[in-house]
Amino acid sequence: MTADNNEGRRRFLAGTVGAAGGLLLSGCDYLSWSGAFVRLVEGAQKLSGAAQHLVTSRTSLAQEFTEADLSPFFRSNGTSNPQDPAYQAMAQNGFAEYRLEVTGRVKRRTAFSLAGLRDLPSGTQITRHDCVEGWSAIGKWKGVKLAALLKRVHPLPDARYVVFHCADSIDDAGTRYYESIDMEDAYHPRTILAYGINNQPLPIKNGAPIRVRIERQLGYKMAKYVMRIELVESFAGISGGRGGYWEDEGYEWYAGI
Ligand SMILES: Nc1nc2c(c(=O)[nH]1)N[C@H]1C(S)=C(S)[C@@H](COP(=O)(O)O)O[C@H]1N2
Ligand SMILES: [Mo]
């Protein structure tokens, strides 16, 4: 075969490689090597994905601590007192009128009062909060297990994410803070909607009346001032479309620690 023929054959085969994969290419010196290389890379990617899952299994528990480890002061970050008038009015009245709405891909849309939430199975955990800005604090959190709440509302099979809509906006445009997690994190036994910290009702600075604890992820995932929970198939249509206020600004959606 002449050099020119070889060139033509390469071009022809390069056009078919996408459709036929490596099979067609056996016997072709240049392209069979590239086909094998593609298979090698694909295999390696599968392997590293599986290996990563083994090391960082999403169902494993975050480190837990004792009362002796509690931080003397649990600071507030981001919003520390939402200015929304409806929120302010509820706060004035000890959140007696607060209702946590659960909407979206559920069979039973439900609005839970604080008393209703306290009646559901709860969890207590002492964990460390890590903020991406470089500070940490250990707190004792008490709240309703998100899994128990989801059981009450009957998620539809197409529900893939849980979105938390908050009362506060943290920019001049008035964009409300929001966050989202997948069903794996939603059903995790340590994922709670906290209404207490360090044996006290949750103060406003830390997200009263309800804030999320997702112990395997960074602080910005832990939405405070949660007013509504929405189950969705995709968060593409919500706000900036990346699943969270900070995600829309370029932060990672899965902020694992
Ligand atoms: N609604 C709302 N949730 C929020 C924030 C916020 O500004 N608004 N800040 C996030 C960030 S960056 C961190 S570190 C934690 C801070 O929680 P804390 O105020 O209880 O320390 O809340 C997260 N959840
Ligand atoms: Mo943070």
Side-chain angles (χ1 to χ4, degrees), residues 62-63 65 69-88 90-91 95 98-102 114 117 123-144 146 161-181 185-186 190-230 235 238-240 242-257:
Q63 189 180 359
F65 300 82
D69 303 313
L70 289 176
S71 301
F73 173 74
F74 203 104
R75 62 172 280 185
S76 173
N77 203 39
T79 303
S80 57
N81 187 9
Q83 290 310 299
D84 176 63
Y87 178 88
Q88 288 290 327
M90 277 192 297
F95 297 103
Y98 171 80
R99 295 291 180 275
L100 175 66
E101 284 181 65
V102 186
L114 269 181
L117 291 174
T124 301
Q125 58 219 30
I126 301 178
T127 52
R128 195 186 61 221
H129 177 107
D130 295 315
C131 173
V132 76
E133 291 167 17
W135 59 274
S136 298
I138 294 174
K140 179 180 179 182
W141 301 94
K142 182 176 184 187
V144 44
L146 184 55
Y161 303 101
V162 177
V163 182
F164 305 101
H165 295 279
C166 308
D168 59 313
S169 41
I170 57 172
D171 60 19
D172 294 339
T175 315
R176 303 250 178 185
Y177 201 95
Y178 78 105
E179 259 304 336
S180 62
I181 56 175
D185 265 330
R190 293 291 183 272
T191 298
I192 60 172
L193 303 174
Y195 45 71
I197 180 175
N198 300 343
N199 305 316
Q200 302 290 326
L202 190 66
I204 287 178
K205 72 179 176 76
N206 298 119
I210 289 292
R211 77 94 51 82
V212 182
R213 295 300 309 171
I214 312 147
E215 304 296 355
R216 310 285 320 277
Q217 297 203 51
L218 287 170
Y220 65 87
K221 297 297 293 185
M222 318 234 191
K224 306 194 283 188
Y225 320 112
V226 178
M227 298 293 124
R228 183 165 66 92
I229 291 180
E230 184 185 13
F235 39 71
I238 300 170
S239 206
R242 290 168 179 258
Y245 180 86
W246 287 112
E247 285 85 335
D248 288 338
E249 301 288 323
Y251 283 37
E252 289 291 321
W253 176 76
Y254 190 80
I257 33 181

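Every number for a ligand or one of its atoms is a count from 1 in the order of the listing. For the single chain, residues carry numbers from 1 onward in sequence order. Just so we're clear, the structure is a prediction, and the values are computed from it rather than from any experiment.
With a heavy-atom cut-off of 4.0 Å, Arg75 touches ligand 1 through its backbone alone. When non-hydrogen atoms are compared, ligand 1 lies under 4.0 Å from the side chain of Tyr177 (C-beta onward) but not from its backbone. Neither the backbone nor the side chain of Trp141 comes within 4.0 Å of ligand 1, counting heavy atoms alone. Counting heavy atoms closer than 4.0 Å to ligand 1, residue Arg211 contributes side-chain atoms (C-beta onward) but none from N, CA, C or O. Counting heavy atoms under 4.0 Å from ligand 1, residue Lys224 touches it through both backbone and side chain. Here Tyr245 has no heavy atoms under 4.0 Å from ligand 1, in either its backbone or its side chain.
Between Arg99 and Glu101 there is no salt bridge, since no side-chain nitrogen of the basic residue lies less than 4.0 Å from a carboxylate oxygen of the acidic one. Between Asp185 and Lys221, none of the side-chain N atoms (NZ, or NE/NH1/NH2) sits under 4.0 Å from a carboxylate O, so this pair counts as no salt bridge.
At a 3.5 angstrom cut-off on N or O pairs, Asn206 counts as close to ligand 1. By the 3.5 Å distance cut-off applied to N or O atoms, Asn77 is counted among the residues near ligand 1. The shortest N/O to N/O separation between Phe74 and ligand 1 does not fall below 3.5 Å.
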Evaluation steps, side-chain contact (heavy atoms from CB on, under 4.5 Å), between Leu193 and Tyr195: CA-CA 7 Å; Leu193 303 174; Tyr195 45 71; over 6 Å; no

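Remark: ligand 1 atoms within the under-4.0 Å shell around heavy atoms of Cys166 are 1 (N). Shown in contact with Cys131 at under 4.0 Å from a heavy atom are these atoms of ligand 1, numbered in order with element: 14 (S).
Ligand 1 lies nowhere less than 4.0 angstrom from a heavy atom belonging to Glu179. Residue His129 places a heavy atom under 4.0 Å from ligand 1.
For Asp168, there are no salt bridge (Lys or Arg N to Asp or Glu O under 4.0 Å) partners at least two apart in sequence or on another chain.
Shown here for Glu179 and Tyr245, the closest heavy-atom pair between the two residues is OE2-N, 4.5 Å.
Side-chain contact between Arg213 and Arg190 is absent, with no heavy atoms from C-beta onward closer than 4.5 Å.
Remark: Lys224 fails to qualify as a cation-pi partner of Tyr87 under the 6.0 Å distance and 45° angle criteria applied to the six-membered ring.
Two rings, from Tyr220 and Tyr251, have their centers less than 6.0 Å apart.
Summarising the contacts of atom 23 (C) of ligand 1 with Gly78, Ala223, Gly244, Gly219, the nearest heavy atom is found in Gly219.
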